[in-house]
Amino acid sequence: MSWPPSSPCPEVLSAPTPITLAAAIPDGASLALAPDYSGCSLVTIRELIRRRARGLRLIGLPQLGLQADLLIGAGCVATIETAAICLGEAGIAPAFERARRAGEVQIIESTCPAIHAGLTAAEKGISHLPLAGVIGSDLVDLRPDWRIADDPFATGQLLLVPAIRPDILLCHAALADNAGNLWIGVRRELMLAAHASRRTLATVEEVVDHDLLADDVWAAGTIPALYVDGIAEAPNGAAPVGLRGRYPSDRARLHAYAEAARTAEGFNRFLNAWLGDG
Amino acid sequence: MSWPPSSPCPEVLSAPTPITLAAAIPDGASLALAPDYSGCSLVTIRELIRRRARGLRLIGLPQLGLQADLLIGAGCVATIETAAICLGEAGIAPAFERARRAGEVQIIESTCPAIHAGLTAAEKGISHLPLAGVIGSDLVDLRPDWRIADDPFATGQLLLVPAIRPDILLCHAALADNAGNLWIGVRRELMLAAHASRRTLATVEEVVDHDLLADDVWAAGTIPALYVDGIAEAPNGAAPVGLRGRYPSDRARLHAYAEAARTAEGFNRFLNAWLGDG
Amino acid sequence: MAEQGRRLVMIAAIARRLAGLRHVAVGAASPIPAAASLLARALSDDSVTVSILGSAHHSSFTDGGRELFDCAAQGRLDAFFLSGAQIDATGAVNLLGLGDPMAPTRRFLGNFGAPYLASLVPNVILCRTDHGPETLVEKVDFVTAPGREGRRLVTDRCVFVVEEGRFRLETRHPGETLESLRAATGFNFEAKPDAGITEAPDNTMLSLLRGPVAQAMHEVYPAFAAELERG
Amino acid sequence: MAEQGRRLVMIAAIARRLAGLRHVAVGAASPIPAAASLLARALSDDSVTVSILGSAHHSSFTDGGRELFDCAAQGRLDAFFLSGAQIDATGAVNLLGLGDPMAPTRRFLGNFGAPYLASLVPNVILCRTDHGPETLVEKVDFVTAPGREGRRLVTDRCVFVVEEGRFRLETRHPGETLESLRAATGFNFEAKPDAGITEAPDNTMLSLLRGPVAQAMHEVYPAFAAELERG
């Protein structure tokens, strides 16, 4: 072992914007994304589409929504691993459905607790986590990478789920501070994903001047800068989906998207209008 | 299966006090206790000693401190499972040391991450958790309940640590609300232990009128009432150890204890003075 | 029976099953289970804890997405609700798709947490508002979660319960006959010997539904809440 | 050399090993490693993150006691410090006790996280302020954590490094000779061919120690901080 070793942590991006965040997500990266209710950086998704990202491997936390559907429709996605994909009350994800029928996206079917378990294994630096339940579902047959083993401490069998180590977590949150600490409140799946991912990139509604770790009331909901590689201020950065405690989702726009995107032409019209927006 | 099934949750204690909390901890119970820096309900420990609790099986989160030493010196403890036991800067736990030499307390030696792993397994309803590291330590030889297994997903071996399911978590925190939600801030090991334990009993500095779950800033550091079975208001309830963000430990008193408790007589003098205190 | 009347019968039928439980969780896009759970809470004088996923006001989870699943594994979740694009005679549900699961002719939204919760939560209640032969089938194309003895299915027409491995009719909603149910159901079923009519909501229930339940529903299901208030 | 002088040499020796790292954590009751880590941070223009366990102001952990260990397993912790009631020629440490581990004649505080961190953190630095033959032994009675190639031991007399499975002398502190070290050490050791004198702290280090490092130490180690300020 050489001394000192090269640092295992990637460089923090300096002065990030949604454009530089998107540029830090290479083609082919595995990219963890939150469902529509848990901190989506649509403003960075737009830049990923503008730069014509390709071959992304999306991981739902544990589901996927609008972010995934837009990326899939724009041709940025190779695979998705998720417990579900939908647009909430707007239903089926239309671009995904079209890509699925055309065989343009590979689906790695999962279930919410298996994704949490895989991320937890990565968080703890172990190869896998045992998971209760699930055995008895046909889902197990769709996952040759999962294993069923005798429980070494009890009668019965356990499902063993391998670690999930995303290259990048991309999310949107309410606040960050100047030191790079990211406040996510009770959206703790983002903290789990940040621990499990090699890099975390985020946009926030606002960067505040006070140290989020200085007061335990704030610190309790904060991902320390240690895990965060780039933060860009982007007010309203989750729109048209909502941000808990800040703004609701734009239901009219989501329904308009769900309607328009039923055809490739409609999707492209919506996309072009959106790309022209900001 | 009968319908509806009997509830798996124990009854919430009504109008608890440190005395009724102590009464709800039966002799022989396994009792999870925090180290001196993470929320100790000394005020309830005093009541446990007053009621002459016996045969307690202590579990350190992941270490033990003054609470354990007092209980051990008072003859309340049968076993301790812990990564360490000490009085912080006041050093060796003297009553423990005397009981150990006399063979009056059984020690289940552990290491911090193994206790976290055991509690995490209980939190997730699985029989065990794989743990990185540790293999190579002689500690493994002291734990016939741990297993070494080939890693099914990688070359090499993994330590498998069985679930730790304490009967009761006893802790002290800054705040609770009238609905029984308990604010622990960044002392997240208490949340893990609450999830893993059958019951959680707590004292708090104050019970507040507002709903701790109503605002995400507070909710982020709150154990929901769902996991909490009894909360008693007990200002200064951690003294003579401190409570983060509220008051420091009483160093003079801790050092006086460490000095006095070197002999059984000195311990008893200290204890009697303390039992007479409040 | 009018649609709103059927809904109220479903809500009452589910709420009655939740009496005496401690903690009931409701997934996304489940207005009827949400209303039934909130009704059960109101009837219990708030001794039932209700966690509505996606709600900021009616969720007591603070440990992220995994907490619901950990909570179930700890034995701290007494009831949960599942739908199923297909539900079969054994009580198995299919949330994934029709045909070959690797390339379904029609894909639904995905398995969500059902493969896990269905085996760990003691009371999983299946719920469908569109009782019909395409949904209620002899055998699902894909087992998202297998059936289980005692599992109930509450539809807009009746209540089924799994006994000896198959659904039996427990009660039929007002206006339904054994014949109308057989015609609308894609699997054969027996009726329990004591099968009767599903009890309609009583006046206490109706007034709670119009009042505190509707109020609590406004955050996540505003349109549904407004209909409850109209009664 | 006076006690404070030795301490400063130890702090400087450790701080130099931490240059270029990203994240260094310090356990409880470790004032010298804490001062060295804070010095390394000050020298790096704050590019080193320092987590001092037990500190409210110098800890960036927000996920409870497990986070330090998870962080190490993720490869996000570059250095940690261990002491050892016994440390042996192979670099193994004993934190448990003397004699039979099931009934030690003398018991220390316990293994803490050492069995885990020693194998997962790339740079574990051993640190003892009382270099003597009872502490530095040929073979520990109990292996809390085994030794590892390249592991360093910084004492109040010298710096050792494990090479080919055994400690070799890397540098001796001012005032020590090979003979004085052999007399004070319970295991036999070779000196590295280029073994020299441990470099004393330079003026920049001394002024940082008296200033920002002492200030940051006040919360957890007030007495030690006061001594640093006196210089």
Side-chain angles (χ1 to χ4, degrees), chain A residues 34-38 60-65 80 82-89 91-93 96-97 100-101 103 106-107 109-117 119-120 131-142 159 184-193 220-221 244-245 248 251, chain C residues 27-31 53-56 59-75 85 92-97 100-121 140-148 219-224:
Chain A
D36 289 350
Y37 53 76
S38 175
L61 296 173
Q63 315 166 28
L64 292 167
I80 67 170
T82 191
I85 175 167
C86 66
L87 299 180
E89 62 170 21
I92 288 273
F96 160 72
E97 177 59 17
R100 180 188 78 76
R101 287 182 180 275
Q106 187 199 336
I107 314 167
E109 300 287 356
S110 194
T111 176
C112 311
I115 290 183
H116 297 310
L119 294 169
T120 301
L131 184 62
V134 184
I135 294 176
S137 168
D138 286 349
L139 177 59
V140 177
D141 302 331
L142 301 185
L159 187 68
I184 46 98
V186 298
R187 296 273 49 133
R188 205 91 185 169
E189 58 275 7
L190 299 179
M191 188 177 290
L192 170 61
R244 184 179 162 114
R251 296 173 67 210
Chain C
S30 307
L53 303 187
S55 164
S59 165
S60 53
F61 291 134
T62 59
D63 202 29
R66 65 183 173 198
E67 188 174 1
L68 170 69
F69 305 99
D70 290 349
C71 193
Q74 291 156 29
V93 301
N94 174 7
L95 295 172
L96 188 65
D100 175 3
M102 298 297 287
T105 54
R106 190 179 154 207
R107 192 184 188 279
F108 313 126
L109 303 184
N111 292 301
F112 294 97
Y116 181 91
L117 293 173
S119 67
L120 292 178
V121 177
V140 291
D141 290 8
F142 180 85
V143 177
T144 290
R148 185 160 146 176
E219 176 200 1
V220 181
Y221 301 106
F224 195 93

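Letters go in sequence order (proteins before strands), and every chain restarts at 1.
- Only the side chain of A:L131 comes within less than 4.5 Å of a heavy atom in chain C; its backbone stays farther off.
- By number of non-hydrogen pairs under 4.5 angstrom with chain C, the leading residue of A:G133, A:G91, A:P113 is A:P113.
- Side chains of A:L142 and C:P101 form a contact here, defined as non-hydrogen atoms less than 4.5 Å apart.
- Taking every heavy atom of both residues into account, A:S110 and C:N111 meet most closely at O-CB, 3.8 Å.
- Proximity of C:F61 to A:R188: side-chain heavy atoms (C-beta onward) are nowhere separated by under 4.5 Å.
- In this structure, CZ in C:F142 is found 7.0 Å from CD in A:E109, a value given to the nearest 0.5 Å.
- Within the 4.5 angstrom heavy-atom criterion, only backbone atoms of C:A114 (N, CA, C, O) approach chain A.
- Tested against C:R66 for a side chain to side chain contact (heavy atoms under 4.5 Å, CB included), the candidates A:L119, A:I115, A:L192 yield a single pass: A:L192.
- At a 4.5 Å heavy-atom cutoff, the contact between C:L109 and chain A is made by backbone and side-chain atoms alike.
- With a 4.5 Å cut-off on non-hydrogen atoms, A:I107 touches chain C through its side chain but not through its backbone.
- Within the model, atoms CG of A:D138 and CG of C:L96 stand 9.5 Å from one another, a figure rounded to the nearest 0.5 Å.
- Between A:R100 and C:P104, the closest side-chain pair of non-hydrogen atoms falls below 4.5 Å.
- Looking at every heavy atom in both residues, C:V143 comes nearest to A:G136 through CG1-O, 3.9 Å.
- Looking at heavy atoms from C-beta onward, A:I92 lies out of side-chain contact with C:F108 at the 4.5 angstrom threshold.
- Within the 4.5 angstrom heavy-atom criterion, no atom of C:L95 approaches chain A.
- Between A:C112 and C:Y116, the closest side-chain pair of non-hydrogen atoms is not below 4.5 Å.
- A distance-only check finds a donor-acceptor pair linking the side chain of A:T111 to the backbone of C:F112 [under 3.5 Å].
- Here A:A132 is the residue among A:G103, A:A132, A:P62 with the most heavy-atom pairs under 4.5 Å with chain C.
- Applying the side chain to side chain contact (heavy atoms under 4.5 Å, CB included) criterion to A:D36, with sequence neighbours excluded, gives A:C40, A:L66, A:V241.
- When each of C:P146, C:A92, C:G110, C:G64 is scored by its heavy-atom pairs under 4.5 Å with chain A, the top score falls to C:G64.
- A search for side-chain hydrogen bond (donor to acceptor under 3.5 Å, both in side chains) contacts involving A:R251 returns A:E89, not counting sequence neighbours.
- Under a 4.0 Å N-O distance rule, the pair A:E97/C:R106 does not qualify as a salt bridge.
- Taking both residues in full, the closest heavy atoms of A:R101 and C:T105 are given as NH2-O, 3.2 Å, listed atom of the first, atom of the second, then distance.
- Ranked by heavy-atom pairs under 4.5 Å with chain A, the first of C:G65, C:A73, C:A145, C:A29 is C:G65.
- The line from CZ of A:R187 to OG1 of C:T62 is 11.0 Å long, rounded to the nearest 0.5 Å.
- The shortest distance between side-chain heavy atoms of C:R107 and A:I85 falls below 4.5 Å.
- Contact of A:T120 with chain C is made through the side chain alone, with heavy-atom distances under 4.5 Å.
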